[in-house]
Amino acid sequence: MEKIRPVLGYIMAVFSCLISAAILPAIAMLSEPFITATGLTISPNYSGGEVVQTIDHGAYETHVHRMVFDDVLIGERKEGFIQVDWTPLDALPARIDEEIDADGDGQADFRIEVDTTTKEAMLTPYASWVLELEGAYRPKDFFLVRVHLKNPAR
Amino acid sequence: MTTSGRTEARSSGMAVWKAVLLMLPAALLSSLTWLGNLMGGDIDPLIVVALVASWLGFTVLFVLMLTTGKTYRYRSIMFILTAIALPLDFIPYMVETYGSMMLADDVMFSGGASFCPLTMPMIIIPALVKGVVIFPGEILPGTAKGAFSIMFILWVGASLAVGRGWCSWGCFYGGWDELFSRIRKKPLIKHKQIDSRWRYLPFAVLLAIVLLSAITFSPIYCEWLCPFKAVTEFQAPSSVLAVMQITIFALLFIGLVVVLPLLTKRRIQCGLFCPFGAMQSFLNKINIFEVRIDLEKCTQCKKCIRECPTFSLDESSLESGKPLMTCTKCAQCVDTCPQGAISYHIKGTPLKANPTVAKVLFLYPAYILLMFLGAGSVAAALYRILMLVTTGSMLH
């Protein structure tokens, strides 16, 4: 054992050199497989969550994301949000007026009117758990609104 | 020339040749990396100049490190250059991409924030429990400078290769701290005046941010405590909270990175605050390299304790022959010990084993890491400076 330990130590030291040299190639080669294998995604708090409904308007599309109440470690929040976005930005009309079915039951839960040039938006809630407009934003290639919701399940 | 003079000249010539031979693999590896950068598209002569200059600079510094025994001095130059270079390239990139170094909500919602390894401690629990990464960035490389996948692989690789050595060889912020800690010749606040219990603070900060980030599902350190936001990117001051955050970033940078290192000649942010460094102290257990003190040679002069920039040596180290777990393998004690009693060591090998072999075997992965991260940043910053000189603007 006393003879093996130094040999293992030197092997590990050389291995450390190889690891260090392999970091850049590993970033290029392993990034996608690593993310695919782990299934990691950006928190819905930032990404808005998965898109559950896409409405095609010809020149542009409406993406309705899932309602987000699970941006906590355990369980669900009492309140959360839903993100609706429109893309591509350069094909959007100056004014959008759309009714959104947030919970997927076939009934519209709120109406959203947005001015895509001034970022002004107006919300008309139909369901009691739709609370208020959180904000309207215009990232690089889409326009989005977030609507504050009460968790209907709680 | 006398016989002893000739022998001396011959042995110093041998040392240089040995160093050149030792440096060759690293130089080849780095030149391959930069050739890869150049293959990407149209070759701008300014990029070629910047890449060649940074390659030459880093290679010369590595040769000096191998030949002179002044590891700390030459590492420090590369480390500080890396830290200064990062914002010189990053801030113009932010202005080009988002119009300023401030991130508006619009940018946050489209994953525009750049990841850095410091986010890792906060991300682990939510990633394990819910499979989500709590940061407004990108999972895979895209528009932002650093994606999660890049930083994760970099972090794992660096932890395996150099352990907590990351803090003196890989971190692209630590050089700021080191720069200000090296400006004054003598400290105004001596090490004895600093209560040793402050050394536990990074571990407390680590515990706090890991728990709070898991509870709030947001990267608390990035949002509230990172001093280096002041020289990279931060949230736009669109609310009172955002203004408070920006003020805290600026105050922490001035206090922990500029003023206290100037007064103490220590890396205060790295040694007494950084939670990532604290996490690396634990991960250092899986790394094969360490610093050891030969107690037979040690005369207890305590120069190493006075000189250690990260508070990683104390009286107990001189009894156990090991620095504390916070040691960043910066080589300051190795270089300054008048008895040559402190050296790099490979775990499992005899303490009296050839220290030069251990040193070279450590310097290789450490330098490769520093070269990959630092020389790239320095080349990018140099390119921006050359653009400024030739076109009057640092922007594309």
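Throughout, a chain's letter reflects where its sequence line sits, starting with A, and its residues are numbered from 1.
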As an exercise: rank [options] by heavy-atom pairs under 4.5 Å with chain A and give me the winner.
| options | answer |
| --- | --- |
| B:Ala104, B:Ala147, B:Gly157 | B:Gly157 |
| B:Gly112, B:Pro126, B:Gly137 | B:Gly137 |
| B:Ala353, B:Gly170, B:Gly131, B:Ala366 | B:Gly131 |
| B:Ser110, B:Pro136, B:Ala358, B:Pro25 | B:Pro136 |

Can you tell me how far [atom2] of [Y] sits from [atom1] of [X], rounded to the nearest 0.5 angstrom?
| X | Y | atom1 | atom2 | result |
| --- | --- | --- | --- | --- |
| B:Thr349 | A:Met12 | OG1 | CE | 13.0 Å |
| A:Ile11 | B:Ile288 | CD1 | CD1 | 10.0 Å |
| B:Phe362 | A:Ser16 | CZ | OG | 9.5 Å |

State, with a plain yes or no, whether a side-chain heavy atom of A:Val14 is found less than 4.5 Å away from one of B:Leu361. yes
So for [X], is it side chain, backbone, both, or neither that comes closer than 4.5 Å to the heavy atoms of chain A?
| X | result |
| --- | --- |
| B:Val107 | neither |
| B:Phe148 | side chain |
| B:Leu140 | side chain |
| B:Val162 | neither |
| B:Ile346 | side chain |
| B:Ser218 | both |
| B:Phe152 | side chain |

Interface residues of residues 30-65 of chain A facing chain B - heavy atom cut-off under 4.5 Å: A:Leu30, A:Ser31, A:Glu32, A:Phe34, A:Ile35, A:Gly39, A:Leu40, A:Thr41, A:Ile42, A:Ser43, A:Pro44, A:Asn45, A:Tyr46
Positive for side chain to side chain contact (heavy atoms under 4.5 Å, CB included) with A:Leu73, one of B:Ile125, B:Ile215, B:Ile134: B:Ile125
Residue, of [options], that accumulates the most heavy atom pairs under 4.5 Å with chain B:
| options | value |
| --- | --- |
| A:Gly135, A:Pro139, A:Pro25 | A:Pro139 |
| A:Asp70, A:Asp85, A:Asp141, A:Ile74 | A:Asp70 |
| A:Ile23, A:Val72, A:Val7 | A:Val72 |

Scanning both residues in full, the closest heavy-atom pair of B:Pro365 with A:Ser20 reads O-OG, 2.7 Å
Is it the case that more than 12 heavy atoms not belonging to B:Lys347 sit under 6.0 Å from its NZ atom? yes
Tell me whether the count of non-hydrogen atoms from other residues, nucleotides or ligands lying under 6.0 Å of CZ in A:Phe15 goes above 12. no
Side chain, backbone, both or neither: which part of A:Leu18 has a non-hydrogen atom closer than 4.5 Å to chain B? neither
Please list all pairs passing the ring pair (Phe, Tyr, Trp, His ring centres under 6.0 Å) test where one or both residues lie in residues 123-154 of chain A, with sequence neighbours left out. A:Tyr137-B:Phe109
Carboxylate-amine/guanidinium proximity below 4.0 Å for A:Lys119 and B:Asp106: yes
